[in-house]
Engineer: 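Have a look at this one before I ask anything.
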Amino acid sequence: MRLLWKLVILLPLINTCAGTGLLSRPVFTQEPQDIIFPLDLSKSEIILNCAATGYPSPSYRWKQNGTDIDFTMSYHYRLDEGNLAISSPRTDQDIGMYQCLATNTLGTILSRKAKLQFAYLSYAWTFNDNPLYVQEDNRRFVSQETGNLYIAKVEPSDVGNYTCFVTNKEAQRSVQGPPTPLVQRTDGVMGEYEPKIEVRFPETIQAAKDSSVKLECFALGNPVPDISWRRLDGNPLPGKVKYSKSQAILEIPNFQQEDEGFYECIAGNLRGRNLAKGQLIFYAPPEWEQKIQNTYLSIYDSLFWECKASGKPNPWYTWLKNGERLTPEERIQIENGTLIITMLNVSDSGVYQCAAENKYQIIYANAELRVLASAPDFSKNPLKKTSVVQVGGDITIECKPAAFPRAAISWKRGMESLRQSKRVFLSEDGSLKIYNVTRSDAGSYTCTATNQFGIAKNTGSLVVKERTVITIPPSKMDVTVGESIVLPCQVSHDPSIEVIFIWSFNGDVIDLKKGVAHFERIGGESVGDLMIRNIQLNHSGKYLCTVKTTLESLSAVADIIVRGPPGPPEDVRVEHISSTTSQLSWRPGSDNNSPIQIFTVQARTPFSVGWQAVSTVPEILNGKTYNATVVGLSPWVEYEFRVVAGNSIGIGEPSKASELLRTKASVPVVAPTNINGGGGSRSELVITWESIPEELQNGEEFGYIIMLRPVGSTTWTKERVPSVESSRFVYRNESITPLSPFEVKVGVYNNEGEGSLSTVSIVYSGEDEPQLAPRGTSVQSFSASEMEVSWNAIAWNRNTGRVLGYEVLYWTDDSKESMIGKIRVSGNVTTKNITGLKANTIYFASVRAYNTAGAGPSSPPVNVTTKKSPPSQPPANIAWKLTNSKLCLNWEHVKTMENESEVLGYKILYRQNRQSKTHILETNNTSAELLVPFEEDYLIEIRTVSDGGDGSSSEEIRIPKMSSLSSRGVPVLEPSVCFLSIVIIFYCFAIQPLIR
């Protein structure tokens, strides 16, 4: 009864702590660390760090060697927040172990032990005034254990003063000793002697796990001894060991259990050897394997905590509560690393520490025990306001109020208490489970929680929905690449439930919101169909339609097979190549879900237009054939080959090209064509042909063979033309008569031999120039810019020279003219019109015959003067009148200048607008009448006619359709003054009889 009253008194405090959740135990964020302090810094200050978090904020105190430090009795120690400051530290008073304690209302924690030492860490020596330290070698060694300098064999150069420096690396401070002189004795010479070990490592060394162990061994002797190391257990030295320059220091970094054992140092010279040995013993400070954790338990519950640590030697355990050692009692059991407290009460709350300790170190694991006592409370974890389930489904309604000790739970549906049945199950944690839910299970449910401190109730409702069913699932499909398909996924569902459709392809979700290529969601609220546009080969696979609601998730899967043309064949190889054949092999590519039915071989040369199909043996390459012989190749040509596969869907991509190879050479078989020739000089036979393209030359050193003989002769003359690009050959022989017929054949050859000859062609030898000049040459002028030259044809024979045509030469009598005009006509033409001449100029002309050998003698020159220039002034003051379809025109007579030809008449040029055909009317008068249908505008211009040719044209006049207006001398006609119109009409009528 007394305990119950205590609980009633403490209950408000416990409820406050449990309810707010703000209180927290102290937790170290920084613990004190070991410090080595220099001896000569007595006026300085040492800081041991300590910091912890917690609410309320922790307060701090310190222990030195297990005794609390009283900060009120000594100004030597000062508390700076959680840190301990030691002013003017003293070696006799301040050396030892320090621990920090952090405390708040929930308890106290104790830090690790930190060791404070006063020492120097490293030694070095200088020689005379040299600022550099003496360097270690096989004769000299500075021990970091003793600080001494050892010289194995003294030499004259060693005589001098030596100074010792002791350095604290942490403080970066050094102190210097007095000089020590080394003097060479003069009473004798030291003879040879065996090694004497002066620096030895201890017989037993405790080595911590992961530490770096250094063993020193140095000997004096003459000659200077050599140092070596070994393990006495027969095992080799670890591969990680390091040696100093003289081998006097053996360092074993990252020391582990397997490095433990006996080690030996051997110092030897010619006089003998000496040994030093010792044992390395492995130890490991404690390390946590299992720590205790914060625990919140109800009153009357039992606590079980266990902590485990490893170490060598094995650690032992002690337990502390709020920094004080815990001892076993009636309710408290302590055994090694376990702590058991039964029948917990509020006073058991606090901060506990499990300490694991061996001879080398102590470590702490901290945790808070909070013992709680309170009436049931739903404020932090109320019943779910509305639970939703589908017909036929299962539902769990949780009831987990905060209650210490745990509350007894009962349930009601509406006003009816629930009892356990086949479908209704009350679990131990207080949850209510209903299986195979029906519509009648809907309603309100109340959970009642009771313990000795009070009672609480909380109510929630259960809503029952219809199940979701996939009515049209996606089905297996077999499609061709490039098609567009729709995968259906349609459901029936409760109208109040939102449905989400998710499509996955081969396990990866298709993100339709990002506009993934090819995929598109179509349909409404209950339709989640997936459209795949322009389907590709990589779209083959499993498509999963997942339907999700707030209550459930269901799915349906379908396999899609996409068939397409085969992939490119692989590894195309040329196994053998001859002059006209090549053996190929290849491996098939992917059949893309449709068996390969046929292969086709293609070839490419530098002379082909792209890739061309080639003939093979066998002729038809079925889908199981992976080699073939390509036939019909051209010799001595570089070829590349590739293979294309086809199936029922189509022809696939070609393979990569094979290696570029050249077929073997052979005798050329194609003879030149279009054998021709003729011409040339006397005693020459000119032969021409079409050269053979490179792809038909069949080998190197290609050339042509010329076979020729006079018609009627039986003996052939043979000539070689070694130039591969030749297409012409001139055979010279003084005995050849002009224009003699020869039989000619042209053949080919290369390094492999001579090839085919062409058929026989007749080619004539060269001839002489014509020997006769044309007779009857005359010339006459037709205008200011043209003249006509005529002559009589030459009656020729073989003796006078063949005539193929005539050349007309012409020039002026102006000696400044350096250019002579020359025009050729072929055949029996005996006249030639020459244009582009100057007006009113004397021109001379002469004619000569020509043939393949050149031109013959010229005829005597003749001359003629070209006409004067045509009038330069165009007709002016043009007037017109249009009545119905009759157009009357009138203009002024053009007066010419002295150097111009007289006007002989006029030309009227007229055409419909937007038409290109022009009509011409000629007249000797200065007026004219046109009868034309004026359905469109007409364009008219007038020019003069003379011996010198046509003169300048007037400006173009536009006559508008259906107009009876007249005008004078303007191209775009506007109505003129009234008086002018009357005059024009009268004049036009007066000349009408003349025009008719």
Side-chain angles (χ1 to χ4, degrees), residues 574 576-583 601-615 630-642 657-681 683-711 713 715-733 736 740-766 852:
V574 179
H576 175 73
I577 194 163
S578 69
S579 60
T580 58
T581 64
S582 176
Q583 293 180 3
V601 179
Q602 297 177 340
R604 178 173 66 181
T605 73
F607 316 108
S608 63
V609 180
W611 291 91
Q612 307 290 332
V614 291
S615 300
V630 181
V631 297
L633 303 179
S634 296
W636 200 245
V637 171
E638 290 182 328
Y639 278 90
E640 289 177 289
F641 299 97
R642 71 181 187 184
S658 70
E659 179 187 2
L660 182 67
L661 292 174
R662 185 187 291 273
T663 50
K664 297 189 183 311
S666 72
V667 175
V669 296
V670 177
T673 59
N674 198 18
I675 310 302
N676 219 317
S681 302
S683 303
E684 289 183 346
L685 177 65
V686 178
I687 303 169
T688 61
W689 62 89
E690 287 189 10
S691 59
I692 299 298
E694 185 180 348
E695 63 266 30
L696 299 177
Q697 293 172 6
N698 292 9
E700 293 184 292
E701 302 298 328
F702 180 84
Y704 297 94
I705 297 173
I706 311 298
M707 305 289 290
L708 59 95
R709 66 182 179 185
V711 172
S713 173
T715 303
W716 291 93
T717 299
K718 183 177 181 180
E719 299 285 346
R720 280 180 176 257
V721 181
S723 176
V724 70
E725 297 177 356
S726 295
S727 60
R728 183 175 185 271
F729 175 71
V730 179
Y731 174 71
R732 294 180 176 85
N733 194 314
I736 298 177
S740 298
F742 279 77
E743 291 181 314
V744 175
K745 295 188 290 186
V746 181
V748 288
Y749 71 92
N750 61 18
N751 272 350
E752 303 299 315
E754 295 183 0
S756 304
L757 290 166
S758 68
T759 58
V760 173
S761 296
I762 302 299
V763 179
Y764 286 86
S765 62
T852 59

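All figures in this text were calculated on a predicted structure; none of them were measured in a lab.
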Engineer: Under a 4.5 Å cut-off applied to non-hydrogen side-chain atoms, are E684 and Y731 in contact?
Structural biologist: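 Sidechains of Y731 and E684: no contact.
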
Engineer: For residues 605-614, run the donor-acceptor check on the side chains, cut-off 3.5 Å, and write out each pair with its distance to 0.1 Å, sequence neighbours left out.
Structural biologist:
| from | atom 1 | to | atom 2 | distance (Å) |
| --- | --- | --- | --- | --- |
| T605 | OG1 | F607 | N | 3.0 |
| T605 | OG1 | S608 | N | 3.1 |
| S608 | OG | T605 | N | 3.0 |
| S608 | OG | T605 | O | 3.1 |
| S608 | OG | G610 | O | 3.0 |
| Q612 | NE2 | V609 | O | 2.7 |

Engineer: Given the rule in the side chain to side chain contact (heavy atoms under 4.5 Å, CB included) test, do S582 and L633 qualify, once you have shown the distances and angles that lead to the verdict?
Structural biologist: CA-CA 8 Å; S582 176; L633 303 179; 3.9 Å; yes

Engineer: Got I687 and L708 here, is their nearest side-chain heavy-atom distance under 4.5 Å?
Structural biologist: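 They are in side-chain contact.
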
Engineer: Is there a side-chain contact between L757 and V746 (heavy atoms, below 4.5 Å)?
Structural biologist: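 The answer is no, as the side chains (C-beta and beyond) never meet within the 4.5 Å cut-off.
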
Engineer: Find the distance between OG (S681) and CD1 (I736) and round it off to the nearest 0.5 Å.
Structural biologist: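 Between S681 OG and I736 CD1, I get 11.5 Å after rounding to 0.5 Å.
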
Engineer: For E754, check salt bridge (charged side-chain N to carboxylate O under 4.0 Å, His left out) against everything at least two apart and list the hits.
Structural biologist: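 Once residues adjacent in sequence are excluded, the partners of E754 under the salt bridge (charged side-chain N to carboxylate O under 4.0 Å, His left out) criterion are K718, R720.
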
Engineer: Heavy-atom distance under 4.5 Å between the side chains of S765 and F742, does that happen here?
Structural biologist: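 In short, these two side chains touch, coming nearer than 4.5 Å.
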
Engineer: Quick one: does any side-chain atom of N751 pair with a main-chain N or O of G699 as donor and acceptor, under 3.5 Å?
Structural biologist: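 Pair absent, no side-chain N/O of N751 close to backbone of G699.
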
Engineer: Does the side chain of T852 reach to within under 4.5 Å of the side chain of Y764, using non-hydrogen atoms?
Structural biologist: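 Of all side-chain heavy-atom pairs linking Y764 with T852, none is under 4.5 Å.
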
Engineer: Looking at CD of E752 and OG of S666, how far apart are the two atoms once the value is rounded to the nearest 0.5 Å?
Structural biologist: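 The CD atom of E752 sits 7.0 Å away from the OG atom of S666.
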
Engineer: Does CD in E638 sit with more than 12 non-hydrogen atoms of other residues, nucleotides or ligands closer than 6.0 Å?
Structural biologist: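 Correct, the count exceeds 12.
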
Engineer: Nearest 0.5 Å please: distance from the OG1 atom of T717 over to the CG atom of N733.
Structural biologist: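 So the gap between those two atoms works out to 8.0 Å.
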
Engineer: If I take atom CH2 from residue W716 and atom CD from residue E719, how far apart are they, to the nearest 0.5 angstrom?
Structural biologist: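 Going from the CH2 atom of W716 to the CD atom of E719 covers 13.5 Å.
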
Engineer: Side chain to side chain contact (heavy atoms under 4.5 Å, CB included), that's the test. Do V711 and I762 meet it? Break it down for me.
Structural biologist: CA-CA 8 Å; V711 172; I762 302 299; 4.0 Å; yes

Engineer: Should I706 and V721 be marked as a side chain to side chain contact (heavy atoms under 4.5 Å, CB included) after you check the CA-CA gap, both sets of side-chain angles, and the distance that decides it?
Structural biologist: CA-CA 8 Å; I706 311 298; V721 181; 3.8 Å; yes

Engineer: So, taking the atom named CD in E725 and the one named CD in E694, what distance separates them when rounded to the nearest 0.5 Å?
Structural biologist: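 Result: 9.5 Å between the selected atoms.
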
Engineer: Using only atom types and a distance under 3.5 Å, with no angle test, would you say the side chain of T580 pairs donor to acceptor with the backbone of G632?
Structural biologist: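 Absent.
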
Engineer: Nearest heavy-atom pair of S758 and I675: which atoms, and what distance?
Structural biologist: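 For S758 versus I675, the nearest heavy atoms are OG-CG1, 3.6 Å.
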
Engineer: Does the plane of the ring in F702 sit parallel, tilted or perpendicular to the ring in Y704? Use 30° and 60° as the thresholds.
Structural biologist: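 The rings of F702 and Y704 stand perpendicular, inter-plane angle above 60°.
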
Engineer: Please test N750 against E701 for side chain to side chain contact (heavy atoms under 4.5 Å, CB included), starting from the C-alpha separation and ending with a verdict.
Structural biologist: CA-CA 5 Å; N750 61 18; E701 302 298 328; 5.5 Å; no

Engineer: So how far is it from I577 CD1 to Y639 OH, rounded to the nearest 0.5 Å?
Structural biologist: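 With rounding to 0.5 Å, CD1 (I577) is 8.5 Å from OH (Y639).
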
Engineer: Taking C-beta and beyond as the side chain, do V574 and F641 meet within less than 4.5 Å on heavy atoms?
Structural biologist: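 A side-chain contact exists here, since the closest heavy-atom pair is under 4.5 Å.
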
Engineer: Closest heavy-atom contact between A657 and R642?
Structural biologist: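 Heavy-atom minimum between the residues: CA-CB, 4.5 Å.
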
Engineer: Do you know which two heavy atoms are closest between V763 and V686, and how far apart they sit?
Structural biologist: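 Heavy atoms of V763 and V686 come nearest at CG1-O, 3.4 Å.
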
Engineer: Is the side chain of S713 donor-acceptor paired with the backbone N or O of T715 at a distance under 3.5 Å, no angle test?
Structural biologist: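 Looks like yes, one N/O pair under 3.5 Å.
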
Engineer: Heavy atoms only: give me the nearest G753-P668 pair and the separation to one decimal.
Structural biologist: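 Taking G753 first and P668 second, the nearest heavy atoms are O-CD, 3.9 Å.
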
Engineer: Would a distance-only check, ignoring hydrogens and angles, find a side-chain to backbone donor-acceptor pair under 3.5 Å from Y749 to V667?
Structural biologist: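 No, because the side chain of Y749 does not come within donor-acceptor range (under 3.5 Å) of the backbone of V667.
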
Engineer: State, to 0.1 Å, how close Q697 and I692 come at their nearest heavy-atom pair, and which atoms those are.
Structural biologist: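 That closest heavy-atom pairing would be NE2-O, 3.1 Å.
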
Engineer: Are any of the side-chain heavy atoms of W636 and E700 separated by less than 4.5 Å?
Structural biologist: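 Contact flag for W636/E700 side chains = yes.
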
Engineer: Search all heavy atoms of S756 against all heavy atoms of A671 and return the closest pair with its distance.
Structural biologist: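 Closest pair (atom of S756, atom of A671, distance): O-CB, 3.8 Å.
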
Engineer: Counting C-beta onward and ignoring hydrogens, is there a side-chain heavy-atom pair between N698 and V669 closer than 4.5 Å?
Structural biologist: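 Answer yes - side chains close enough.
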
